[in-house]
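Note: hydrogens, waters and symmetry copies are ignored here, and every other heavy atom, side chains too, is used.
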Amino acid sequence: MTNFNYGKLTTSLIAVWFVVSLAASALHIFKTDPGRPPLAFGIAALGPIVVFLLWFATSEQFREFALGLNPLTLTLVHAWRVVGIVFLVLYTYGILPGMFALPAGWGDIAIGATAPLVAMKLVTPDHKKGFILWQVLGISDLVIAVFLGTTAALFNPHGIATSAMNVLPMSLIPTFVVPLLLILHVICIAQARRWHAHPYSGIGGQLPVSAA
């Protein structure tokens, strides 16, 4: 299968994934009674990541396609995370608990605000370590936010619930946006580990990688 076909296939899969997450949210499938584990929520958030990792590990063609994507573009995508200010607004109005909303909001704002700088300055073999570090920080922000979002009620059972994250439009963040962004981080780290000194094309292009 050619890279072009893989591009069409992955684009279609992402579109289907979004529609399924949207429909499941509209049908309130992710709503969970207090005291019960959010199984549907967990499957929706972790399932796509597991599928990607298995596909990436077992298919050499797909792996080469993913590693050939332009890391500058993949990094710039994270710039939208400045909208994490929404978490801070919802906290201010008492809709989300501070234990979750504050670190999730400020973490997203920090990653989103620095994404353009990282994309323009660190996507080079000379800045490989700094690029990987930023990607790791981006993953940490996502993981911490998900952890705090799912455990806030355990630490403060009588406080403000995170139920707003179980319904539209916020439910799309943990079931679609977070897993997708985490996958992009993983791809960028895998790419950086194979960088060599050859230049790559513009924002829509691909970065040559070596097997080293």
Any idea how Phe62 and Tyr6 line up, ring-wise: parallel (<30°), tilted (30 to 60°), or perpendicular (>60°)? tilted
Contact check, side chains of Phe52 and Val186, non-hydrogen atoms, under 4.5 Å: yes
Does any N or O in the side chain of Thr75 come within less than 3.5 Å of the main-chain N or O of Leu72, such that one atom is a donor and the other an acceptor? no
Looking only at heavy atoms, what is the nearest atom pair of Val82 and Ala113, with distance? CG1-N, 3.5 Å
Using a 3.5 Å cut-off and no angle test, enumerate the donor-acceptor pairs between side-chain atoms of residues 21-29 and protein atoms at least two apart in sequence or in another chain.
| residue | atom | partner | partner atom | Å |
| --- | --- | --- | --- | --- |
| Ser21 | OG | Trp17 | O | 3.1 |
| Ser25 | OG | Ser21 | O | 2.9 |
| Ser25 | OG | Ser171 | OG | 2.7 |

For Gln135 and Ile189, indicate whether the former's side chain and the latter's backbone hold a donor-acceptor pair under 3.5 Å. no
Pairs under 3.5 angstrom only: tabulate donor-acceptor contacts from the side chains of residues 84-92 to other protein residues two or more places apart or in another chain.
| residue | atom | partner | partner atom | Å |
| --- | --- | --- | --- | --- |
| Thr92 | OG1 | Leu88 | O | 2.8 |

Please name the pair of heavy atoms, one in Leu74 and one in Leu184, separated by the smallest distance, quoted to 0.1 Å. CD2-CD2, 4.0 Å
Counting distance only, does the side-chain N/O of Thr10 pair as donor-acceptor with the main-chain N or O of Gly7 below 3.5 Å? yes
Measure across Thr162 and Leu96 and return the closest heavy-atom pair with its distance rounded to 0.1 Å. CA-CD2, 4.1 Å
So which residues get pulled into Val51's cluster when ILVMFWY side chains under 4.5 Å apart are joined, directly or through others? none
State the CD1-CH2 distance between Ile183 and Trp55, to the nearest 0.5 angstrom. 10.5 Å
Check Arg194 against Leu67 and note the closest heavy-atom contact, atom names and distance. CZ-CD1, 3.4 Å
Looking at every heavy atom in both Arg193 and Lys128, which two are closest together, and how far apart are they? O-NZ, 3.4 Å
Could you give all pairs that pass the salt bridge (charged side-chain N to carboxylate O under 4.0 Å, His left out) test and reach residues 44-61, with sequence neighbours left out? none
If a pair satisfies side-chain hydrogen bond (donor to acceptor under 3.5 Å, both in side chains) and one of its residues is in residues 102-122, list it, with sequence neighbours excluded. Arg81-Asp108, Thr114-Trp134
Apart from Leu46 itself, which Ile, Leu, Val, Met, Phe, Trp or Tyr residues share its cluster (side-chain heavy atoms under 4.5 Å, direct or through members)? none
Heavy-atom closest pair, residues Pro179 and Ala45: CG-O, 3.3 Å
One should read off an interatomic distance between Met165 CE and Ile95 CD1, to the nearest 0.5 angstrom, of 12.0 Å
